[in-house]
Amino acid sequence: MTEQQMLTTTSGVQSTVLPEEIQVGDPGEFMDCYAALDGNTLRIGNNALERSWDLGRGIPTVVSLKNKATNKEWFAAEETSDWLRTVDRKYAYYNSALFSGDRLGITVRTARDDDHGVAREHLKVEVELAFEASVVRWTHIVYPGVPVLRSFISVTLNESVEVSGPESLDVQAPHLRELEGGYQDCFPLEPKHCGWKSVEFVDVTDDMDNLVFASTGLFSRREQRFMKGNVVFVQDHLSKDGLTLIKEGPTALGYLDGVESDFFVKGQNVFTTGWSSSRDLQKSKTLTTYGSAVVLWSGEETDALSSLHDYHNALHVFDPEKDAFVMSNTWGDQSSDGRLSEQFLLEELEIAKKTGVTLYQIDDGWQNGTTANSVNPGGAWGKGYYEANPDFWEVNHIRFPNGLEPIVASANEKGIRMGLWFSPDSLNDFENWEKDSDILIGLHKRYGISAYKLDGIEFTSKVGEENLTRLMRRVLTGTNGDVFFNMDVTAGIRSGYYGQLQYGSLFLENRFTGKFGAWPNYYPHRTLRNIWMLSRYYPTYRLQAEFLNVQRNTDLYPDDALAPSNCGLEYALAVTLFANPLAWMEQTGLSEESVETLGRVIPRYREVQSEILSGHVLPIGDEPNGTTWTGFQSITSDHSGYLLILKEHNPEPGQSYKLWRLRGKELKLEPILGDGRQTDAAVDETGSTVFQLDGLFAYALYKYTC
């Protein structure tokens with residue numbers, strides 16, 4: 001919840017004044033977080049970092065970024081690149097079409113906030129700048145104790161103003177024309193000897209199965225480049241200080257009109273790009289940029305990744321009730337909605353109780369309206385649902401003549417929570433977002449639905465994205481934060497991994513043992529590889545990863561050593577244990593032996609799942625390809641954690657693993673699940689130790705202490 005304050009004489013910085021009359025007021029504070037004006041200088045920070053800007057000119061300009069732990073100043077005090085010599089100061093953000101004319105006033109406010117109960121409580125600082133053409137709300141978020149600062153900009157255009165595009169940029173800054181609609185943030189780096197690593201993520205996973213790409217380089221005075229990627233790591237090679245720059249937006253596959261990259265680098269200056277199209281602003285009159293964040297760290301890769309993990313945990317605080325579960329969804333057996341009925345779901349829940357599933361989600365077909373995914377032809381998809389059927393989102397009275405009440409009652413009796421599939425209406429930039437949110441709130445109040453899978457999303461503008469975010473926030477408010485969302489990233493133009501997705505988990509991929517297109521596309525090692533690649537940069541507790549009924553469609557994998565049936569059901573489940581396992585299957589289609597296997601493994605896993613996922617999960621071993629030794633490590637403290645050792649189709653009896661933060665340690669190992677029999681391991685000074693497993697497609701889940 002938000003406690004907003006005007007920063008006046010007793011609680012903050014100040015109210016609206018003319019720019020030449022900026023006055024010093026008391027700082028806005030929350031725990032160690034603060035915002036204060038010293039003369040014309042706005043300072044925002046906490047015990048870990050401080051960033052400052054000069055507000056004495058028309059547009060705020062960058063002054064300083066300091067790592068307080070190392071006393072490292074990151075920004076150049078003077079101009080260091082010839083290409084910027086025509087600019088008096090380095091702007092914090094830039095698009096002259098929005099800031100035309102004199103600045104008429106400035107207001108600074110602070111508020112305590114927790115982003116609808118999802119985020120770590122923080123200080124929110126809003127700087128409101130009034131110009132002749134627009135009102136700009138420039139927002140910063142700082143969290144207690146962690147070196148993370150997030151910023152974004154919301155612009156409200158005056159009714160009489162028209163923005164036609166990049167040709168309206170300030171003629172006195174021709175070097176910025178290439179940025180099209182401007183940039184959100186500017187980082188004029190001071191160190192001379194820095195390297196960078198950019199990380200690009202890929203979604204639309206129905207088509208794409210290589211989801212992470214990284215590239216590296218050095219900053220060079222005369223070099224310029226556009227970077228596609230949400231994350232850029234920067235390190236001063238001499239001091240070993242580092243910073244991570246984050247673009248809080250979609251992947252390149254989700255770029256909207258006017259966006260061509262996430263970062264622009266010129267010399268030692270890094271700009272966060274992406275205002276989207278000026279046409280969107282003209283249409284909506286109010287538009288919010290994608291977010292820009294900076295995270296500070298010092299040391300090795302493990303320190304950089306740890307600070308990135310802190311960033312993710314600040315945006316979305318781990319909640320065992322919402323972030324640690326084993327979900328079942330029938331769609332993986334490819335019956336679509338053809339088998340949905342009251343009796344079928346009651347039978348499904350009987351088996352789900354035996355297998356240990358904690359959350360049962362009814363996919364497309366529970367509703368009265370028909371979608372294009374239905375076994376029945378002629379359905380709508382993505383938009384126009386209410387035009388097709390005003391009662392589209394009523395419960396289907398033919399399949400469920402008694403409503404969902406008998407199904408929910410059965411689930412409650414078995415201790416299984418219920419979820420539903422839902423497709424927000426994309427029509428006219430999600431203009432029905434309030435109506436959709438009322439539907440979801442009503443379903444929660446009537447049936448106690450705790451998770452909604454949001455699918456069929458197709459953004460055509462930034463306006464649509466903002467309306468979908470409004471939908472989720474309104475649902476959280478209307479349900480007192482009791483629900484969460486599974487955001488489907490399998491198709492369409494959506495928010496990717498770093499967009500406005502902090503309100504739930506990611507439904508990562510659809511994979512099937514039956515024909516998907518012309519052939520099956522489910523292999524456990526490919527699911528494993530996607531989790532493994534993402535885990536370096538993304539918290540796995542926010543990923544749903546599927547395991548299927550491996551006994552189905554075995555004839556479609558002839559002479560295939562890596563076929564799901566050769567891996568076995570327990571191993572197929574095991575590769576998902578450091579994410580949230582998704583039983584992508586009909587529970588009633590499992591053999592008696594498979595039900596017994598899941599009923600043995602899942603309850604034991606559930607005893608440790610929350611502790612595993614609340615830790616910092618990182619990849620270990622080799623990159624999975626079906627034939628390697630690989631796995632994960634969850635760091636839960638300096639002295640404890642969990643290890644998942646995975647042996648794919650590999651004949652070797654043992655393998656050396658390099659572990660994180662355990663150099664020179666003697667580990668005590670507690671076998672929890674799988675084939676592991678080791679009770680101790682000695683980690684050498686390089687961080688390496690050896691694990692043994694017999695057979696093919698074997699695994700071991702250990703708890704370690706040291």
Side-chain angles (χ1 to χ4, degrees), residues 7 12-28 33-46 49-68 72-81 83-96 98-110 123 125-132 134-142 149-153 155 170 172-173 175-176 179 182-190 243 245 266 268-272 289 292 294 296:
L7 296 181
V13 182
Q14 68 182 80
S15 58
T16 304
V17 294
L18 294 177
E20 64 273 14
E21 297 174 346
I22 292 179
Q23 302 169 358
V24 178
D26 296 330
C33 304
Y34 60 86
L37 273 176
D38 295 329
N40 292 334
T41 301
L42 173 65
R43 296 184 297 109
I44 299 174
N46 59 17
L49 61 71
E50 181 177 277
R51 191 170 179 188
S52 59
W53 300 262
D54 184 353
L55 302 186
R57 302 164 186 252
I59 302 175
T61 55
V62 170
V63 174
S64 171
L65 172 62
K66 181 172 287 189
N67 184 334
K68 290 185 175 180
K72 171 75 169 182
E73 173 57 60
W74 272 100
F75 288 170
E78 304 294 335
E79 300 293 353
T80 58
S81 300
W83 77 287
L84 283 174
R85 63 179 179 269
T86 57
V87 181
D88 187 37
R89 293 292 296 275
K90 296 180 177 65
Y91 290 147
Y93 51 85
Y94 179 87
N95 188 319
S96 62
L98 305 177
F99 311 128
S100 61
D102 294 334
R103 192 174 70 194
L104 305 179
I106 178 170
T107 304
V108 183
R109 301 180 180 90
T110 61
L123 182 68
V125 184
E126 184 179 278
V127 182
E128 184 175 292
L129 307 165
F131 295 90
E132 293 178 7
S134 62
V135 174
V136 178
R137 292 174 181 85
W138 183 37
T139 302
H140 306 276
I141 293 173
V142 60
L149 181 63
R150 301 171 58 213
S151 305
F152 55 91
I153 303 162
V155 177
D170 192 334
Q172 295 185 25
H175 48 271
L176 294 179
L179 296 184
Y183 57 86
Q184 299 164 228
D185 213 337
C186 173
F187 301 89
L189 303 179
E190 187 276 333
L243 59 79
L245 306 178
K266 184 95 173 187
Q268 294 178 201
N269 301 273
V270 184
F271 301 87
T272 311
T289 65
S292 174
V294 60
L296 300 183

### Task
Kindly determine whether F187 and S292 satisfy side chain to side chain contact (heavy atoms under 4.5 Å, CB included), including the steps that lead there.
CA-CA 11 Å; F187 301 89; S292 174; 4.1 Å; yes

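- In terms of the salt bridge (Lys or Arg N to Asp or Glu O under 4.0 Å) criterion, residue partners of R43 (sequence neighbours excluded) are, by chain and number, D38, E50.
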### Task
Determine, step by step, whether L65 and L296 satisfy the side chain to side chain contact (heavy atoms under 4.5 Å, CB included) criterion, reporting the C-alpha distance in whole Å, the side-chain angles of both residues, the deciding distance to 0.1 Å, and the verdict.
CA-CA 10 Å; L65 172 62; L296 300 183; 4.2 Å; yes

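- Residues R51 and D185 are paired through a salt bridge, judged by an N-O separation under 4.0 Å between the basic side chain and the carboxylate.
- Counting heavy atoms from C-beta on, the side chains of L37 and L55 come closer than 4.5 Å.
- In terms of heavy-atom proximity, S64 sits nearest to E73 at OG-OE1, 2.5 Å.
- Contacts of K72 classified as side-chain hydrogen bond (donor to acceptor under 3.5 Å, both in side chains), with partners at least two apart in sequence or in another chain: D236.
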### Task
Dump the intermediate steps for salt bridge (Lys or Arg N to Asp or Glu O under 4.0 Å) on E128 and R137, then the final yes or no.
CA-CA 4 Å; E128 184 175 292; R137 292 174 181 85; 3.3 Å; yes

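- Considering SG of C186 and CD of Q184, their distance stands at 12.5 Å, rounded to 0.5 Å.
- Listed by chain and number, the residues in a side-chain hydrogen bond (donor to acceptor under 3.5 Å, both in side chains) with T139 amount to none (sequence neighbours excluded).
- Nearest heavy-atom pair, W53 versus V62, reported as atom, atom and distance to 0.1 Å: CD1-CA, 4.0 Å.
- Here the CG-SG distance, from L149 to C33, works out to 10.0 Å after rounding to the nearest 0.5 Å.
- Across all their heavy atoms, D54 and G56 have their closest contact at OD1-N, 2.8 Å.
- Two residues are said to be in side-chain contact when any heavy atoms from C-beta on lie closer than 4.5 Å; S151 and T272 fail this criterion.
- With respect to S52, the side chain to side chain contact (heavy atoms under 4.5 Å, CB included) criterion is satisfied by exactly one of L42, V63, I44: V63.
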### Task
Walk me through it: do V127 and I106 pass the test side chain to side chain contact (heavy atoms under 4.5 Å, CB included)?
CA-CA 7 Å; V127 182; I106 178 170; 4.0 Å; yes

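- A donor-acceptor pair under 3.5 Å is formed between the side chain of T289 and the backbone N or O of I153.
- Listed here is the closest heavy atom pair of Y34 and L49: OH-O, 4.2 Å.
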#### Entry: Residue pair E190, F75: steps toward the side chain to side chain contact (heavy atoms under 4.5 Å, CB included) verdict
CA-CA 5 Å; E190 187 276 333; F75 288 170; 5.7 Å; no

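- In terms of heavy atoms, L123 sits closest to A35 at CD2-N, 4.0 Å.
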